[in-house]
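Counting starts at 1 for both ligands and their atoms, following the listed order.
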Amino acid sequence: MFSKLLIANRGEIAVRIIRACKEMGISTVAVYSEADRDALHVSLADESVCIGPARVQDSYLNMAAILSAAAATGAQAIHPGYGLLSENARFAELCKECRIAFIGPDSRLISLLGDKERARDTMQKAGVPVVPGAGLVPDGETAQKEAEAIGFPLLIKARAGGGGRGIRLVRSMEEVLPAFSAAYAEAQSAFGDGACYMEKFLSPVKHIEMQILCDQHGNVVCLGERECSMQRKNQKLLEESPSPAVSPQLREKMMEASVRAAKAVGYQNAGTIEYLVDREGNFYFMEMNTRLQVEHPVTEMVTDIDLVKWQIRIAAGLPLDFSQKDISISSHAIECRINAEDPEHNFTPSCGKISLLHIPGGPWVRFDTALYQEYSVPPFYDSMLGKLIVRAKTREEAIRKMQAALCELVIEGVHHTAELQMDLLSEEAFLQGTYTTDFLSKRGVSC
Ligand code: ADP
Ligand code: ADP
Ligand code: MG
């Protein structure tokens, strides 16, 4: 096992990883930008290294500075968290060259699956159903031709896309050319790669994803699904597991397809396979995320499996000590993302000093955050302030527990989304479990 690990991330996920390391007896190195000197992950780690100015390009995406920090402190492994460098194949490759273990799959898998169009093609060949659509479209003219075959509405999607960006909805032939140019330009500026592919726009659908863990010895285990259909602008707001809309038969089919998908690519470490599921129970592969997911605690709560610890153990070469038959889920977990955004003003990001903080407690209530009282939320980074997660025996009890926990949560000094989450919990479609990805836009929330 590693004796020292560097966390190439910030915020709640850096704190989450440091906690796992502490429990495993691994010492930790935090890296931080000049804007993050007072950040919680810096004070919780055993050592810390400043890696540059506030801008992520100069700090948290600065591969040379991060690798130098690892070399200088003698860290044997790097955990990239999510976002930032977590899906950067070049970074994984550089770690390998520096003989530092990258906590995640190898660069080959990151490149293959990070290219959403190639991933789609690979999964189709492995017999996993994919969303009907077309491969790469090199120009607007080809896009128009393909659009005729796919039919409207459809989506133009960046192959390098992520975080809900690089996706354009097209409703008619007239919209194809402008949408293609817009998607191309957005993807080029956001990901440095403008290439796009096309998919039929399925609606109404649920976003259901499967968590998998694969060790270096060929063991593959699927830890069930997460329902992530509560979205705004293609970004998740609330997640739960199990999904109220997935029958035992559908779950079995999706788990089987996910294990097959993981085996087809020789996957290693933790990964998530995202699917769209229609009303008839047909499911379609959308993409695979080769990293820890923001909403991983939902799975941890219902399986009692610590995903971060297992990511580290797998990278150290340890075999999984459980198999598929040990996974049985008999409780329900819900997560609400609390973002520093103002729902009253079109979700504009909010920053400032936390003047009052009260974190809810009680049995099976977890708040993953890097906040503390008097902390100043900087304007440079992701707007997520924390994730409130609860677990209970039944979905009804989990909803009540979440309502009580949200009531108790106090974060003053910035605008945030806790009240919006409270409203969502009492919506009929949520209570029924029938909500689909278009729920918020239909409700009139700007999407
Ligand atoms: P999850 O599926 O884990 O919920 P999200 O899509 O919400 O993941 O993204 C997690 C984080 O990673 C967010 O901070 C998002 O902005 C960022 N992110 C995801 N993909 C990319 C990408 N390709 N490039 C840059 N940032 C990304
Ligand atoms: P990202 O890489 O940004 O996470 P995804 O491909 O996972 O992008 O899609 C993000 C969200 O966009 C999905 O959760 C879903 O709500 C919506 N979406 C993506 N593809 C489709 C599709 N073909 N039909 C309907 N909705 C889609
Ligand atoms: Mg996705």
Side-chain angles (χ1 to χ4, degrees), residues 82-84 86-88 110 112-124 128-137 143 146-147 149-171 179 183 186-187 190-191 193 195-212 225-240 243 245 258 261 271-280 282-296 337 382 384 435-443 445 447:
Y82 54 71
L84 299 171
S86 62
E87 290 171 286
N88 187 309
I110 299 176
L112 171 68
L113 298 163
D115 178 336
K116 294 167 75 174
E117 193 272 327
R118 259 173 82 203
R120 201 172 167 280
D121 188 49
T122 307
M123 292 306 168
Q124 192 164 26
V128 179
V130 303
V131 182
L136 281 191
V137 277
E146 297 287 3
I150 297 169
F152 296 98
L154 57 81
L155 293 177
I156 298 182
K157 297 173 77 170
R159 72 168 170 198
R165 286 177 304 161
I167 302 179
R168 283 285 184 291
L169 177 62
V170 184
R171 295 187 184 279
E186 182 178 311
F191 312 111
D193 174 7
C196 291
Y197 63 107
M198 284 158 68
E199 271 179 9
K200 194 171 179 57
F201 178 68
L202 304 177
S203 183
V205 277
K206 280 184 162 285
H207 171 126
I208 307 282
E209 58 186 33
M210 290 282 166
Q211 176 70 53
I212 54 155
E225 81 274 10
R226 289 184 292 258
E227 153 95 53
C228 308
S229 306
M230 196 60 86
Q231 301 184 350
R232 179 183 164 266
K233 286 197 164 171
N234 300 324
Q235 281 179 335
K236 302 156 186 168
L237 286 185
L238 176 158
E239 300 95 349
E240 56 180 322
S243 165
S258 304
T272 295
I273 308 180
E274 297 188 335
Y275 298 94
L276 293 176
V277 180
D278 67 18
R279 289 250 158 93
E280 287 73 48
N282 300 305
F283 62 94
Y284 305 91
F285 171 87
M286 190 165 48
E287 68 161 338
M288 179 159 184
N289 292 325
T290 55
R291 57 171 163 89
L292 186 67
Q293 209 89 354
V294 174
E295 57 276 19
H296 73 278
R337 299 190 190 194
D382 204 89
M384 200 173 67
Y435 61 105
T436 43
T437 55
D438 55 356
F439 174 75
L440 275 179
S441 60
K442 278 202 311 214
R443 191 173 169 268
V445 171
C447 276

* Structure fact -> Min over L276, V131, T272, I167 of heavy-atom distance to atom 22 (C) of ligand 2 lands on L276
* **Any donor-acceptor pair under 3.5 Å from D278 side chain to N282 backbone** => yes
* salt bridge (Lys or Arg N to Asp or Glu O under 4.0 Å) partners for E199, two or more places apart -> R120, K157
* Structure fact -> Check: of E87, M286, E287, min heavy-atom distance to atom 13 (C) of ligand 2 comes from M286
* Asked: Does ligand 2 have any atom that is closer than 4.0 Å to a heavy atom of K116?
  -> yes
* Atoms of ligand 2 less than 4.0 Å from T437 heavy atoms? -> 16 (O)
* To do: Please step through side-chain contact (heavy atoms from CB on, under 4.5 Å) for the pair F191 and E186, ending with a clear verdict.
  => CA-CA 8 Å; F191 312 111; E186 182 178 311; 5.9 Å; no
* Do the two ring centres, one from Y275 and one from Y284, sit under 6.0 Å apart? -> no
* Asked: If you measure from atom 3 (O) of ligand 2 to every heavy atom of G133, S229, G164, which option wins on shortest distance?
  -> G164
* N/O/S of E287 less than 2.8 Å from the Mg ion (ligand 3)? -> yes
* Asked: For the side chain of D115 and the backbone of R118, is there at least one donor-acceptor N/O pair under 3.5 Å apart?
  -> yes
* Of all residues at least two apart in sequence or in a different chain, which pass the salt bridge (Lys or Arg N to Asp or Glu O under 4.0 Å) check with R443? -> E427
* For residues T272 and Q293, is any side-chain donor paired with an opposing acceptor at under 3.5 Å? -> yes
* Asked: Judged by non-hydrogen atoms, does G162 sit under 4.0 Å from ligand 2?
  -> yes
* Asked: With a 4.0 Å cut-off on heavy atoms, does K236 reach ligand 2?
  -> no
* Pick one of side chain, backbone, both or neither for how L155 approaches ligand 2, counting any non-hydrogen atom pair under 4.0 Å. => side chain
* Ligand-residue contact atoms, ligand 2 with G161, heavy atoms, under 4.0 Å -> 2 (O)
* Geometric N/O contact L202 with ligand 2, under 3.5 angstrom -> yes
* To do: For ligand 2, indicate whether the residue K200 contacts it via side chain, backbone, both or neither (heavy-atom separation under 4.0 Å).
  => backbone
